[in-house]
Amino acid sequence: QASTEQERGWILGALPGLDNLVITTNGSQLERFAPALKAAGIKRINISLDTLKGDRFKAITRIGDLAKVLAGIAAARTAGFARTKLNTVMMRGINDDEFADLVQFALDNELDVSFIEEMPLGEILGRNNPYLSSEETRERLAARVDRIVTAPVTTIENLGGGSVRCMLAEVFLPRSPAAAQFPGDR
């Protein structure tokens, strides 16, 4: 998040007729910029967060500091952002033991969370295939959340010859039972 990117957000947020500007960020500078982004008219923030464990976070991001992101999440709430959304990429053997914890974290902090399937890329040198389907994740979470609500799958194709499927797991405010939205049943 270079400051120039933030400044572009401030300019965009001030454009007349732009009613719902949402940004996606890694959250590392959000503690610093959340009040200014809110003042500029940004309506909602999406934050990439694949783990709540500091060592894993650093391994996944290569340089990231989980404490900065968590401070950014708190700063967004203090600045008045509601329903901030976490984007979590589901990775077998990397963060698949934390999905219920991420749902609980979202519930405790009045956040939404989207679980996103990683594009199945097959064998990559030095890396096991971490692909984990939304169906398997749904089954795992079913034992830990009160209610699962189905949602449509969004497929984005032609990303370098591949495609990615996205699905949502939304957590409602603490006064409501946790609910995860997944594709599948209608």
Side-chain angles (χ1 to χ4, degrees), residues 1-2 5-6 9 20-31 33-34 37-38 42-54 56-77 79 81-121 130-138 140-141 145 148-157 159-160 162-173 178-183:
Q1 284 175 318
E5 291 174 6
Q6 297 298 338
N20 192 19
L21 182 60
V22 179
I23 64 166
T24 298
T25 176
N26 64 18
S28 66
Q29 299 299 310
L30 195 53
E31 182 177 26
F33 289 113
L37 291 169
K38 184 67 174 173
I42 305 292
K43 300 296 184 202
R44 187 167 164 160
I45 299 175
N46 299 328
I47 301 170
S48 301
L49 185 65
D50 298 327
T51 180
L52 294 170
K53 297 180 179 181
R56 280 189 189 172
F57 186 85
K58 189 161 196 138
I60 291 169
T61 63
R62 295 185 184 90
I63 58 169
D65 182 351
L66 178 61
K68 284 185 177 183
V69 176
L70 297 178
I73 291 168
R77 187 170 177 189
F81 285 100
R83 309 308 300 171
T84 295
K85 183 173 63 132
L86 305 177
N87 291 328
T88 300
V89 176
M90 303 179 300
M91 297 173 280
R92 182 182 309 282
I94 297 173
N95 67 348
D96 57 336
D97 61 335
E98 291 188 74
F99 298 154
D101 295 335
L102 285 157
V103 168
Q104 188 62 53
F105 176 79
L107 181 62
D108 293 345
N109 291 281
E110 298 182 1
L111 305 167
D112 293 337
V113 58
S114 292
F115 290 99
I116 303 168
E117 288 182 347
E118 184 174 59
M119 187 181 307
L121 300 172
Y131 173 76
L132 182 63
S133 73
S134 58
E135 291 81 11
E136 183 176 344
T137 300
R138 180 177 186 240
R140 290 181 183 196
L141 280 174
V145 297
I148 294 178
V149 180
T150 59
V153 174
T154 301
T155 301
I156 304 169
E157 298 193 19
L159 295 174
S163 65
V164 63
R165 288 175 13 132
C166 302
M167 58 91 176
L168 300 177
E170 184 155 335
V171 179
F172 298 114
L173 293 171
Q181 291 186 351
F182 287 90

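Residues: numbered from 1 along the sequence shown.
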Practice prompt. Please lay out, stage by stage, how Met90 and Glu136 fare under the test side-chain contact (heavy atoms from CB on, under 4.5 Å).
Written response: CA-CA 10 Å; Met90 303 179 300; Glu136 183 176 344; over 6 Å; no

Worksheet item: What do the steps show when you test Phe81 against Leu30 for side-chain contact (heavy atoms from CB on, under 4.5 Å), and what is the final call?
Response: CA-CA 12 Å; Phe81 285 100; Leu30 195 53; 5.8 Å; no

Practice prompt. Evaluate the side-chain contact (heavy atoms from CB on, under 4.5 Å) criterion for residues Ile23 and Leu37: first the C-alpha distance (whole Å), next the side-chain angles of each, then the deciding distance (0.1 Å), finally the verdict.
Written response: CA-CA 9 Å; Ile23 64 166; Leu37 291 169; 3.7 Å; yes

Item to complete: Would you please test Glu110 and Arg77 for salt bridge (charged side-chain N to carboxylate O under 4.0 Å, His left out) and show each step?
Response: CA-CA 9 Å; Glu110 298 182 1; Arg77 187 170 177 189; 3.6 Å; yes

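Closest of all the heavy-atom pairs between Lys53 and Asp97 is NZ-OD2, 3.7 Å. Here the shortest heavy-atom pairing between Ser114 and Lys85 reads OG-CD, 3.1 Å. The two residues Ile60 and Met91 have their closest heavy-atom pair at CD1-CE, 4.0 Å.
Between Phe105 atom CZ and Leu86 atom CG the span is 6.5 Å, to the nearest 0.5 Å. To the nearest 0.5 angstrom, Asp50 atom CG is 12.0 Å from Asp96 atom CG. Interatomic distance, CG of Leu70 versus CZ of Phe57, reported as 8.0 Å (0.5 Å rounding). If you take CG on Asp65 and NZ on Lys58, they are separated by 7.0 Å, rounding to the nearest 0.5 Å.
Of the candidates Leu66, Val89, Asn87, Leu66 is the only one forming a side-chain contact (heavy atoms from CB on, under 4.5 Å) with Leu49. Between Thr88 and the options Val103, Ile116, Ile47, Asn95, a side-chain contact (heavy atoms from CB on, under 4.5 Å) holds for only Asn95. With Arg44 as the partner, the side-chain hydrogen bond (donor to acceptor under 3.5 Å, both in side chains) test is satisfied by one option alone out of Thr24, Asp112, Thr84: Asp112.
Remark: Phe99 pairs with Phe115 by the ring-ring contact (aromatic ring centres under 6.0 Å, His included) rule, at least two apart or across chains.
Side chain of Asn26 to backbone of Ser28: a donor-acceptor contact under 3.5 angstrom is found.
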